[in-house]
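Within every chain, numbering begins at 1; the chains are lettered A, B, ... in the order of the sequence lines, protein sequences first and strands thereafter. Since the model is a prediction, treat every value here as computed from it, not as a measurement.
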Amino acid sequence: MTGDTLTAIVEVADAKVSFGAVKALDGVTLAIMPGECVGVVGHNGAGKSTIVSVINGGLTPHQGNISSDGERLARYGIGVARARGVRCVFQELSLCPNLTVIENTRILHRHLGGFGWRKRARKVIERSLDLVFPGHGIESDRSVGELSIAERQMVEIAMAFSDAGVAPRLVILDEPTSSLDAGLAEQMLGYVRRFVDAGGSVIFISHILNEILTTASRIVVMKDGRIVADRRSIDWTEHSLVESMGSVAKGEANRRAVRDLAGAPVVVEQIGPGLPFRAKRGEVVGLAGLAGHGQTRMLMKLHAAETSDWLARREATVAFVAGDRRLNGVFELWSILKNFSIGSLGDLTNRGVVDVAAEMERATDWKRRIDIRTQDLANRILSLSGGNQQKVLFARALSTRAPVVLMDDPMRGVDVGTKQEVYEIIRQQAASGRTFVWYSTEMEEVCLCDRVYVFRDGAIVAELEGDAVTEGNILAVSFRGAAA
Amino acid sequence: AAMPVSALADTSGKKIALSNNYAGNSWRQAMLTSWEKVTGEAVKAGVVAAADAFTTAENQATEQAAQIQNMILQGYDAIVLNAASPTALNGAVKEACDAGITVVSFDGIVTEPCAWRIAVDFKEMGRSQVEYLSKKLPQGGNLLEIRGLAGVFVDDEISAGIHEGVKQFPQFKIAGSVHGDWAQDVAQKAVAGILPSLPEIAGVVTQGGDGYGAAQAIAAAKRPMPIIVMGNREDELKWWQQQKEANGYETMSVSIAPGVSTLAFWVAQQILDGKEVKKDLVVPFLRIDQDNLEQNLANTQAGGVANVEYAQEDAIKVIEAAK
Amino acid sequence: MRLTYSAEAVRLAVPALSLTVLLAAVFWLQPRAMSYVGLNLLFNLAVPIALATIAQMLIMAVNDLDLSMGTFVSFVACVAATFLRDTPLLGTLILAGVVGVYAAIGIVIHLRNLPSIVVSLGMSFVWAGLAVLLLPAPGGQPPDWVRALMTAKPPFAPMAIIASIVIALVAHLLVMRSSLGVLIRGVGGNERSVERAGWSVLAARAAAYGLAGVFAVLAGIALVGLTTSADANIALRYTLLSIAGVILGGGEFIGGRVSPIGAVIGALTLTLAGSFLSFLRISPDWQIGAQGAILIIVLALRLLLARIEKREKAR
Amino acid sequence: MRMLGRISRKPWMWSWTAAFVVWFATIMVTGGASTFDLSQAALTFAAFSIIVGIGQMFVITLGPGNIDLSVPSTMTLAGTLALKLMEVDNAMIVPGLVIAMITGVGVGVVNYALIKALRIPPIIATLSVSFIVQSAAIWTNRGLRIKPPSFLADFTTANTLGVPNVAIIALVISVFAWFLLEKTIYGRWISAVGQSMPAAKMAGIPVDGTRFVTYIFCAVLASLAGYLLACFSGGAALNMGSEYLLMSIAVVVLGGTAVAGGDSNVPGIWGASLFMFLVVSMLNTYGLGAGIRLIMTGLIIISVIMLAGGRAR
Ligand SMILES: Nc1ncnc2c1ncn2[C@@H]1O[C@H](COP(=O)(O)OP(=O)(O)OP(=O)(O)O)[C@@H](O)[C@H]1O
Ligand SMILES: Nc1ncnc2c1ncn2[C@@H]1O[C@H](COP(=O)(O)OP(=O)(O)OP(=O)(O)O)[C@@H](O)[C@H]1O
Ligand SMILES: [Mg+2]
Ligand SMILES: [Mg+2]
């Protein structure tokens, strides 16, 4: 190595990883230089999380090699990576919910031990939280399980940037903003920029292209386990990114057509603190506001009101699409097929006996309709990538005959192309009379709704309709509190 | 002069407790019933102020030790004890003695020197079975031994007696040994499992509560019925009687009478009354033979155990005999 | 240390309150219990149970369950009543060895990803067999120092109370305050994240099992110290008692949520419940059933208090 | 060969293999002469473990922490009540069976009521209930052994075409259980609840209804086993179920059912039940003492689970 060229913090050369027949990585070469933020985009299952695991040391590629700071490392693993300052925020939340924030910090920083470690750990994490999310309001001796999902994500991000002896040099963020609202996401992105300016490196994975374009210094596009494009970020536009990922940008076609629903009957209603909630037949109702202000609780209430824990309804009246799929979405031991059909078994059984042929037929149909990427529906659900699992959950709900579909931020980690397809299906089904109640943290999706309720502190504080549904209006209400 | 009248005067304010470690079989239930019956009358007659029975939820020495400690707190004057372990309760028994409480153990006795013991010679019970068989089967043969619950004192004692008997009568050989946990169904299962691999069996030596199960298993395997030593349970006696009528089947039955709890009660009462009583008393086991089978069966409750209940005079007799 | 309104505090408040209520009831039924000797009699048999409960809690902290606790404590009691007295060196070696076996079980369970319930079920037969081999009939005697320790009469408070407090404190420091404790609970909470931070989950699980072995060994020794002899069946009920103690103390089966102080309180509560019942003088037929009823009532109390707690919090 | 590979991946294969090995080792002692008798005895006694094991399996499938410890006392109470009602009268067989079933339903309802209403963890709730049920059994007849009606006593101890009748009953129940689990919506529901309760709830499954029915089903099977066992062994005894506490759990897990829930396995229960009986017979046959026998039993259980359940991480 010559003195004047910078050496890469981590360099992966020609890495190949396969899971059975699936080639998750098919010869990826990627070098991360000090002081750069590399954005990684790609469709679901493109291999983004897999390359992260390789760089993080959690997964040894079947082929290819890894070097760091110019040294080729034969035995690269989690320990080696951490010692070299590689940190990672994973796509799924990965803290211990039973431990306090401080104790989680202890787990993350192996060298924090010894007498009085609590004090030191508290200092480390609180400093980092203050830096990344000023005004966060998270007490570090609360246990993580008591925090909201957004707070947990914040802790996790702050944890990755914290410094307890070994300074972070390369921080990998795998869809870190998926549970954060716009304000928090902006705080985080601001910190990422400062971190990079100060000479740190970041790998940033997101399906929200705007975030990537404004934050990354270089953007890498992955497709089917390969890197298909790698350019400086000023050379990209949202349009060109989408194009190179393989999906066609639809742009403003997304806007819903204004429909007149004045005469439609109300199908669900819920009266609580704040404004009452009502949804009409064929309506797409959005739940907006900052993350964790009671939207999910409203969905749960609506669901609980329409289902019984003791007796099965002959006709299901609501279906639910989970956002937190590990917690209340997938059945991990089951095949894709069984995961799909569990929602509509009522239709597929004859006197309690499951009609296997009908089940298969319906699943195959839906596999085609929303393009679930698998060779065989009998494969385990966990063999699918995160986004594809989410599609199965979608198919589960949409294939029922329930007149109301509740969606709890269902597009978490779904790629752009798929999103467009799902939007289209929702539009069609709404037109044919199905009602959707849709909580989303993504403004673009909220703007697709006919009507939007804005939440704050567990109550509905505003109702926006038609052209009033704009990002500006929603943000204004969410931050100001009771208005409208 | 040990007149009952004076005894009545002296112990009428005393409280006696029964500490029992297990209630899950017919023998123990008969024991509790006898206790209730005899002490109930005694309390009514004003011989003692109270005679309460306590049973632990599980058959465990630790739980019984706690029970005894509670009895100390409750201020009983005497504790009548059927112990889960001969030694593991010694700590608690010592504490009771130190608190001035009379402890009388029976059936499951304790070794703590401060306590009284009403013992059955379990070893002899085992040995006598082989002796009986040697009379019936002078030419000897293979024996199947059914043991009780592993790790329990009584099981070890009876089994030791049986093995002693086999040494004494070497024409017998123990061809197989299983644990029947003193329960008919467990014994039935264990015997059915080992039977196919055994040679012809001449006799079955048992510990009580397992003879009928063995008979069932042997009958199911369609083998010739050996001499099964019974354990005084009603179903065993009844089966024996049926066999006797059908084909002259001969055996004997031996066990400790559950009513020994009432003997222990009277002994405790006598001690409280100020009687000089030796620490070690012996009661004979209850043996039923071919000739007194019908008579015993008639006196046994359906589904119960052949029983003898004791009165105050019996206790006085036993105490005198030991002197 | 700042007093926070934390989940841990709530977890503790509930069992502590049920113990207090039960104790008050016992004192009311039997005022004689309200003395130095009385308290010792009420609680001294809770000491080995508390130790076994802590052992079970360590295993539950890593999301496992030990069904062999009772037979293992019985086995240790047998060793303590024989080898530890006659040949202290050999006895100590054996006990150290079985702690090693416990750690090894943890390793095997982890490496082969086995269900701990089945492995410990199998081990319960093994320990029972070894105990029967060692003491076919009850017997043995504890080493004198053990007996002396368990029957000591310290000033101010009876031995049983002091021992319980010491056990609770030591376990609290070990499990809640130390790095190792955090790691063990972390494995229970989210094994993957512990692994991703570069720790060896294998070592953590082995440590949890090893520590559990240590506490269980102490339980066995304390037990013979109280009973003065051992047998192969002496502590069989400790398996379920220890699980019940952990739950009463606010622990949970999965998720690494445990509370050592709560566990000790749970063990004391269970012991006290037995005494409470015998003071009530229930008919012998229903004495066993009453034990079930009291378990239900104490746990229902837990629910009630948790509800009140929640309402307070909501306000 | 590929067939062999596929079968060896089936979780029930291991318990069957173990049962076969032990069976073979036992009959070898007599040079094969005991084959028929031993097999018949094994089928007879395994039948009871199979019946209670299937009930326990349904409960265990409901997910981590779900277990029914009231099985032994339910068996005892059902057997006791039924025999008491029948009073050796052949005409009362059906009412006796009905009362046993009602006992099971009652215990199941109480079990789930505690679990649900008082949020007591199942292991503790069912333990508490088992104490109460045991007391009820003591109270009803104070441990007296009442004989079964002669027809039932003969029926349960007899064979049909060389197969013990109780084994035939167990087979019928097994087929029914297998059908429930594999083919019906109820089977899907249990499996879903066992994998994730929140997910099952959100998928619209009546979670409480499913769990409720399952606890009742388990208790009813325990009652049935108690009824049959009491008739088979010539009377109900207060301690007749105690063996089946560990047994019912052991046969479920040895049979390859996932202890973490969601996945159950009916054929495995057969293998495991036969194995549990045969291993004791084998060790008895070889004349090993209680200590050695216990140790061997334990080691064999661990070996089987290591071979069967082991997945390298
Ligand atoms: N543990 C695994 N077992 C089997 N297949 C896997 C595993 N992990 C990943 N895969 C497969 O590897 C491919 C790449 O997955 P990866 O998680 O890297 O995708 P991704 O780009 O992160 O997708 P997403 O945007 O949905 O998170 C997918 O096809 C996935 O099904
Ligand atoms: N993580 C994975 N990645 C890729 N392929 C997988 C993965 N898991 C399983 N498969 C493949 O899927 C097929 C079926 O798997 P498996 O036997 O686990 O499911 P199953 O038992 O049929 O599902 P179920 O129990 O729900 O009926 C096998 O061919 C297996 O190789
Ligand atoms: Mg991913
Ligand atoms: Mg994703």
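Contact check on A/E103 versus A/R118 returns a salt bridge, with a Lys/Arg side-chain nitrogen under 4.0 Å from an Asp/Glu carboxylate oxygen. Remark: A/K48 does not engage A/E175 in a salt bridge, criterion side-chain N to carboxylate O under 4.0 Å.
Contacts between C/R185 and chain A at a heavy-atom distance below 4.5 Å involve backbone atoms as well as side-chain atoms. For A/L95, the part lying under 4.5 angstrom from a heavy atom of chain C is the backbone only. Proximity to chain C (any heavy atom under 4.5 Å) is restricted, for A/R82, to the side chain, taken from C-beta onward.
A ring pair (Phe, Tyr, Trp, His ring centres under 6.0 Å) check over residues 241-268 of chain C, counting only residues at least two apart or in different chains, returns nothing.
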Which donor-acceptor pairs under 3.5 Å do the side chains of residues 47-56 of chain C make with protein atoms, sequence neighbours left out?
{"unit_1": "C/T53", "atom_1": "OG1", "unit_2": "C/I49", "atom_2": "O", "d": "2.6"}
{"unit_1": "C/Q56", "atom_1": "OE1", "unit_2": "C/D66", "atom_2": "N", "d": "3.0"}
{"unit_1": "C/Q56", "atom_1": "NE2", "unit_2": "C/D66", "atom_2": "O", "d": "3.0"}
{"unit_1": "C/Q56", "atom_1": "NE2", "unit_2": "C/S242", "atom_2": "OG", "d": "3.1"}

